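Only one structure is covered here, and it is reproduced in the block below.
The structure presented is a predicted model; accordingly, all values stated were derived computationally and were not measured.
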Amino acid sequence: MTNDSPEGEIRAPGSGSGGGGHAQRNRADDNVTILTSSMDYHRASRSRASSSGYDAAASLTSSMELSIQTRIFKIIVIGDSNVGKTCLTFRFTGGSFPDKTEATIGVDFREKAVEIEGETIKVQVWDTAGQERFRKSMVEHYYRNVHAVVFVYDVTKMDSFRNLQTWIEECNGHRVSKSVPRVLVGNKCDLVDQIQVPSNTALKFADSHNMLLFETSAKDPRESQNVDSIFMSLACRLKAQKSLLYRDVEREDGKVRLTQETETKSSCPC
Ligand SMILES: Nc1nc2c(ncn2[C@@H]2O[C@H](COP(=O)(O)OP(=O)(O)OP(=O)(O)O)[C@@H](O)[C@H]2O)c(=O)[nH]1
């Protein structure tokens, strides 16, 4: 089975991890909304239900329906140790740069609920260990049913860029389908005086592997929207891909014919 099959798609088992506060909209855009966390989303829907006078049973049913309907996209973040994988995932899911990080052991999960064209989707980010000794027993789990891959290098470390080839080979070696979207991220662009990897070299590499390139900084708060774009562009692509898969299944039942126009049209703003 390829990793991008609809069967590989995860659905939310219920409320997610952590996160306080209210369901604040971080982007004013009508089509794409980032909710602060999955927990916030469930809280917000519950408080709406009680204020409109629903009884407990109705509220439970609606929150179960919400859980059943929420799709999860699993995105893994791969690359050398110290390139900033943890900081990038932290910036996307928590909106800040961590004061202190330690080497990731195995994997850390972070999740964020986002709304794309009216559908709430959980983006589940797998922050993987860069150090061989902390990852070897976990590698199979990283790639199982993955929906998208983010390859990260450090723009101030040429070695981390050269090693990308090895990371891509590892990914291919785990039967990740060619149709699973992949992006390339050059991190630590705030260290302008120390840059070793020229943009055009990175761009050529990205093109040759059919990937989009993002050059950014997890540290610089002015870059936070750029960091969001990495994950949101993937979520938008996945949502479009998955809708097509569903339509394809329907067509096989003889109900719907998929036209060229439907295949290429997307109102996704990313
Ligand atoms: N200047 C700068 N430093 C950064 C940036 N992102 C991460 N760092 C620093 O780089 C170091 C490593 O960051 P991590 O996010 O822990 O790196 P990692 O890739 O997750 O490392 P492993 O868990 O070992 O795989 C930390 O000291 C961070 O503070 C950035 O955008 N700019």
How long is the straight-line distance from NZ of K219 back to OG of S96, given to the nearest 0.5 Å? 13.5 Å

So if you build clusters from Ile, Leu, Val, Met, Phe, Trp, Tyr with side-chain heavy-atom gaps below 4.5 Å, do L191 and F161 land together? no

Polar side-chain atom of Y142 near backbone of G106 as donor-acceptor pair, under 3.5 Å: yes

Might you point out which heavy atoms bring Q241 and S179 nearest each other, and give the distance in Å? NE2-O, 3.2 Å

Side chains of D80 and W167: any donor to acceptor distance under 3.5 Å? yes

Side-chain donor or acceptor of Q131 paired with backbone N/O of T104 under 3.5 Å: no

Could you pull out every donor-acceptor pair under 3.5 Å between side chains of residues 206-213 and any protein atom, sequence neighbours left out?
{"unit_1": "S208", "atom_1": "OG", "unit_2": "K204", "atom_2": "O", "d": "3.4"}
{"unit_1": "S208", "atom_1": "OG", "unit_2": "F205", "atom_2": "O", "d": "2.8"}
{"unit_1": "H209", "atom_1": "ND1", "unit_2": "F205", "atom_2": "O", "d": "3.1"}

Least distance between heavy atoms, C171 atom then V176 atom: O-CG2, 3.4 Å

Please determine whether a side-chain nitrogen of the Lys or Arg among R71 and E119 lies less than 4.0 Å from a carboxylate oxygen of the Asp or Glu. yes

Between A218 and R91 the two heavy atoms that sit nearest each other are O-NE, 3.0 Å

Say whether, by atom type as modelled, one donor and one acceptor occur between the side chain of R182 and the main chain of F151 under 3.5 angstrom. no

Can you tell whether the side chains of R222 and D220 come within less than 4.0 Å, N to carboxylate O? yes

Could you tell me the separation between the CG atom of L184 and the CG atom of L164, rounded to the nearest 0.5 Å? 5.5 Å

For E223 and S217, does a side-chain donor sit closer than 3.5 Å to a side-chain acceptor? no

To the nearest 0.5 Å, what is the distance between NZ (K239) and CZ (R237)? 16.0 Å

Salt-bridge contact D127-R110 (side-chain N to carboxylate O under 4.0 Å): yes

Between V185 and the options V155, L88, V77, the side chain to side chain contact (heavy atoms under 4.5 Å, CB included) test singles out L88

How are the rings of H174 and Y143 set to each other: parallel, tilted or perpendicular (split at 30° and 60°)? parallel

Flag, side chain of N187 to backbone of V83, donor-acceptor distance under 3.5 Å: yes

Verify whether one side chain among T101 and T86 offers a donor that lies under 3.5 Å from an acceptor in the other. no

How far apart are the closest heavy atoms of P198 and M158, and which atoms are they? CD-CE, 4.4 Å

Nearest 0.5 Å, what's the CG-OG distance between D154 and S81? 11.0 Å

Grouping ILVMFWY residues whenever side-chain heavy atoms fall under 4.5 Å, the cluster of I105 otherwise contains F134

Pairs meeting criterion ring-ring contact (aromatic ring centres under 6.0 Å, His included) with involvement of residues 177-199, two or more places apart: none

Is any side-chain heavy atom of T216 closer than 4.5 Å to a side-chain heavy atom of C189? no

Within one Ile-Leu-Val-Met-Phe-Trp-Tyr cluster: V114 and F90, side-chain cutoff 4.5 Å: no

F73 six-ring face occupied by K122 cation (under 6.0 Å, within 45°): no

Taking K74's backbone N and O only, do any of them form a donor-acceptor pair with H147's side chain (distance below 3.5 Å, no angle check)? yes

Heavy-atom check, side chain of K112 versus side chain of V125, under 4.5 Å: no

Considering all heavy atoms of both residues, which atom of S199 and which atom of E215 are nearest to each other, and what is their separation? OG-OE1, 2.8 Å

What I'd like to find out is whether the side chain of I78 reaches to under 4.5 Å of the side chain of V149, using heavy atoms alone. yes

Do L234 and V150 make a side-chain contact, defined as non-hydrogen atoms from C-beta onward lying under 4.5 Å apart? yes

Please say yes or no: joined through hydrophobic side-chain contacts below 4.5 Å, possibly via intermediate residues, are V152 and F97 part of one cluster? no

Is the closest basic N to carboxylate O distance between D190 and K188 below 4.0 Å? no

Do T70 and I121 come within less than 4.5 Å of each other through their side chains, counting heavy atoms only? no

Does any non-hydrogen side-chain atom of M232 lie less than 4.5 Å from one of I116? yes

Is a side-chain donor or acceptor of T93 paired with a backbone partner of T89 at a separation under 3.5 angstrom? yes

Considering all heavy atoms, the nearest F92-V123 contact: CE2-CG1, 3.9 Å

Measuring only between side-chain heavy atoms, which start at C-beta, is R135 closer than 4.5 Å to E170? yes

